[in-house]
Amino acid sequence: MSNINIIEVKNLVKKYGSYTAVDHISFSVKKGEVFGILGPNGAGKSTTLEMMETLRPIDDGTVIMDGIDVAKHPRKIQKIIGVQLQSASFLEKLTLEDQLKLFAGINGTEVDVDKLLEEFDLTAKRKDYAENLSGGQRQRFSIATALVHKPKVLFLDEPTTGLDPQARRNLWDLIQRIKKQGITVILTTHYMDEAELLCDRVAMMDKGKILTINTPKGLIKELLGRGFKKEQVVEQADLEDVFIDLTGKGLRED
């Protein structure tokens, strides 16, 4: 992870009539960082991502990404970001390899389909249609499509929701490999264990505002410093460990 900021968000605002969904938030993201935006439903997380992704107009404030103003140059931004597709965005009756080639053509780039499918454990599914994939396979393929044009920043909005423990842990490994390639990752999730494992820093968000930003360990230390205490029960394993031990770490997707 670099000390150079690749993203600068300043006083970002989004309103719907009298309702303020995102209320003058500011934060920065370092190049090569996994940055988490956490909060309850309705906190403004997805709206924030959509403005950064050029999918929703910015009402006020600025987002500068790799030196480019998102509001002023959306086409330039679209060339340097990858956005995890939702399942509904997949094309029917096109195989995985054909869809990857199509996305590469749309982005004006070339893609090594064999290498990309291998990286995402989808080689055996190259001739399949997206609708025939398991939940974990669909999530991996959605991320693969977002990486076709080798983006500098990857946006992942709750990528492991609905996945079984094996698929979830496999996706964690995948995100860590993506980070090692120097790609900056912006992540939202409702799983605090996931954020603690994957994120270099997290922003806690609620009611359209950012409450605090720190490393996961830093946030826990701050909480303890405020006098927080809970009953300490040290378990050497949990139920998910039992599940993985009994059923194996391998993916069950066929």
Side-chain angles (χ1 to χ4, degrees), residues 1-16 19-53 55-56 58-65 70 81-84 139 143 153-163 168-169 171-172 174-176 178-179 183-232 238 240:
M1 182 177 65
S2 169
N3 288 324
I4 300 173
N5 291 335
I6 191 170
I7 299 172
E8 294 277 1
V9 177
K10 294 183 179 179
N11 296 315
L12 190 63
V13 176
K14 185 63 188 178
K15 293 186 176 183
Y16 299 99
Y19 174 69
T20 302
V22 177
D23 191 358
H24 296 88
I25 65 171
S26 298
F27 61 91
S28 60
V29 181
K30 298 183 184 302
K31 184 177 180 180
E33 180 177 27
V34 178
F35 186 86
I37 302 179
L38 311 180
N41 290 332
K45 306 184 303 296
S46 293
T47 302
T48 298
L49 260 61
E50 288 168 357
M51 285 190 285
M52 296 172 71
E53 296 164 350
L55 298 176
R56 196 175 292 274
I58 294 173
D59 290 346
D60 200 3
T62 59
V63 179
I64 306 298
M65 196 176 306
V70 170
I81 67 171
V83 180
Q84 164 199 352
Q139 288 292 66
I143 298 174
V153 181
L154 175 65
F155 290 90
L156 301 176
D157 194 358
E158 300 182 19
T160 65
T161 298
L163 300 186
R168 189 165 168 242
R169 292 193 180 193
L171 207 59
W172 290 354
L174 177 59
I175 293 169
Q176 289 171 327
I178 290 170
K179 178 188 175 182
I183 297 172
T184 303
V185 179
I186 311 296
L187 171 76
T188 71
T189 180
H190 284 300
Y191 302 123
M192 296 303 103
D193 59 334
E194 182 167 286
E196 190 171 352
L197 174 70
L198 295 175
C199 295
D200 296 294
R201 291 185 304 143
V202 297
M204 291 288 186
M205 191 171 182
D206 194 20
K207 298 178 181 178
K209 294 182 178 290
I210 288 182
L211 308 177
T212 187
I213 299 175
N214 205 336
T215 65
K217 288 184 178 179
L219 290 172
I220 293 169
K221 186 176 180 180
E222 289 176 359
L223 177 64
L224 295 175
R226 295 196 296 271
F228 176 85
K229 292 183 180 180
K230 68 178 179 180
E231 182 181 356
Q232 295 189 8
D238 59 22
E240 185 167 296

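Just so you know, residue 1 is the first one in the sequence shown, and it goes up from there.
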Check the pair Gln176, Leu197 against side chain to side chain contact (heavy atoms under 4.5 Å, CB included), reporting the backbone distance first and the verdict last. CA-CA 10 Å; Gln176 289 171 327; Leu197 174 70; 4.0 Å; yes

Audit row: Val153, Met52, side chain to side chain contact (heavy atoms under 4.5 Å, CB included) steps and yes/no: CA-CA 11 Å; Val153 181; Met52 296 172 71; over 6 Å; no

For a side chain to side chain contact (heavy atoms under 4.5 Å, CB included) check, start with the C-alpha distance between Asp193 and Trp172, then their side-chain angles and the critical distance, and finish with the verdict. CA-CA 11 Å; Asp193 59 334; Trp172 290 354; 3.8 Å; yes

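Here the CE-CG distance, from Met192 to Leu219, works out to 11.0 Å after rounding to the nearest 0.5 Å. Taking CD from Glu33 and NZ from Lys179, the interatomic distance works out to 8.0 Å, rounded to the nearest 0.5 Å. Taking CD1 of Ile37 as the start and NZ of Lys45 as the end, the distance is 9.0 Å to the nearest 0.5 Å. Leu38 contributes atom CG, which lies 7.5 Å from atom CG of Leu187 (distance to the nearest 0.5 angstrom). Here the NZ atom belonging to Lys209 is positioned 10.5 Å from the CD1 atom belonging to Ile25, to the nearest 0.5 angstrom. Here the straight-line distance linking atom CD1 of Ile175 with atom OG1 of Thr160 works out to 7.5 Å at 0.5 Å rounding.
Judged purely by atom type and a 3.5 angstrom limit, Glu158 has no side-chain atom pairing as donor or acceptor with the backbone of His190. Checking side-chain atoms of Thr20 against main-chain N and O of Lys15 turns up no donor-acceptor pair under 3.5 Å.
At a threshold of 4.5 Å between non-hydrogen side-chain atoms, the residues Lys10 and Ile64 do not count as touching. Between Asn11 and Asp60 the shortest side-chain heavy-atom distance does not fall below 4.5 Å. When side chains are defined from C-beta on, Arg56 counts as touching Thr47, because their heavy atoms get closer than 4.5 Å. By the 4.5 Å heavy-atom criterion applied to side chains, Lys221 and Asn214 are not counted as neighbours. Side-chain contact between Asp206 and Pro40: present, with at least one pair of heavy atoms (C-beta onward) separated by less than 4.5 Å. A heavy-atom distance below 4.5 Å is found between the side chains of Leu154 and Ile143. Using a 4.5 Å cut-off on side-chain heavy atoms (C-beta onward), Val70 and Met51 make no contact. Taking the side chain as every heavy atom from C-beta outward, Lys207 and Asp23 never approach each other to under 4.5 Å.
Taking the ring centre of Phe27 as origin, the terminal cationic atom of Arg201 falls outside the region bounded by 6.0 Å and 45° from the ring axis. Judged by the 6.0 Å distance and 45° axis criteria, Lys14 is positioned over the aromatic ring of Tyr16.
Nearest heavy-atom pair, Thr189 versus Ala195, reported as atom, atom and distance to 0.1 Å: CG2-CB, 4.0 Å. For Pro159 against Gln84, the heavy-atom pair with the smallest separation is CA-NE2, 3.8 Å. Pairing each heavy atom of Gln139 with each of Leu163, the nearest pair is CG-CD2, 3.9 Å. Between Leu12 and Val63, the shortest heavy-atom distance links the atoms CD1-CG2, 3.8 Å.
Heavy-atom neighbours of Leu224 CG from other residues, nucleotides or ligands within 6.0 Å: above the threshold of 12.
Screening Ile7, Val29, Thr184 for a side chain to side chain contact (heavy atoms under 4.5 Å, CB included) involving Phe35 leaves a single residue, Val29.
Ion pairing of Lys30 with Asp200 is absent here, as no side-chain N (NZ or NE/NH1/NH2) approaches a carboxylate O to less than 4.0 Å.
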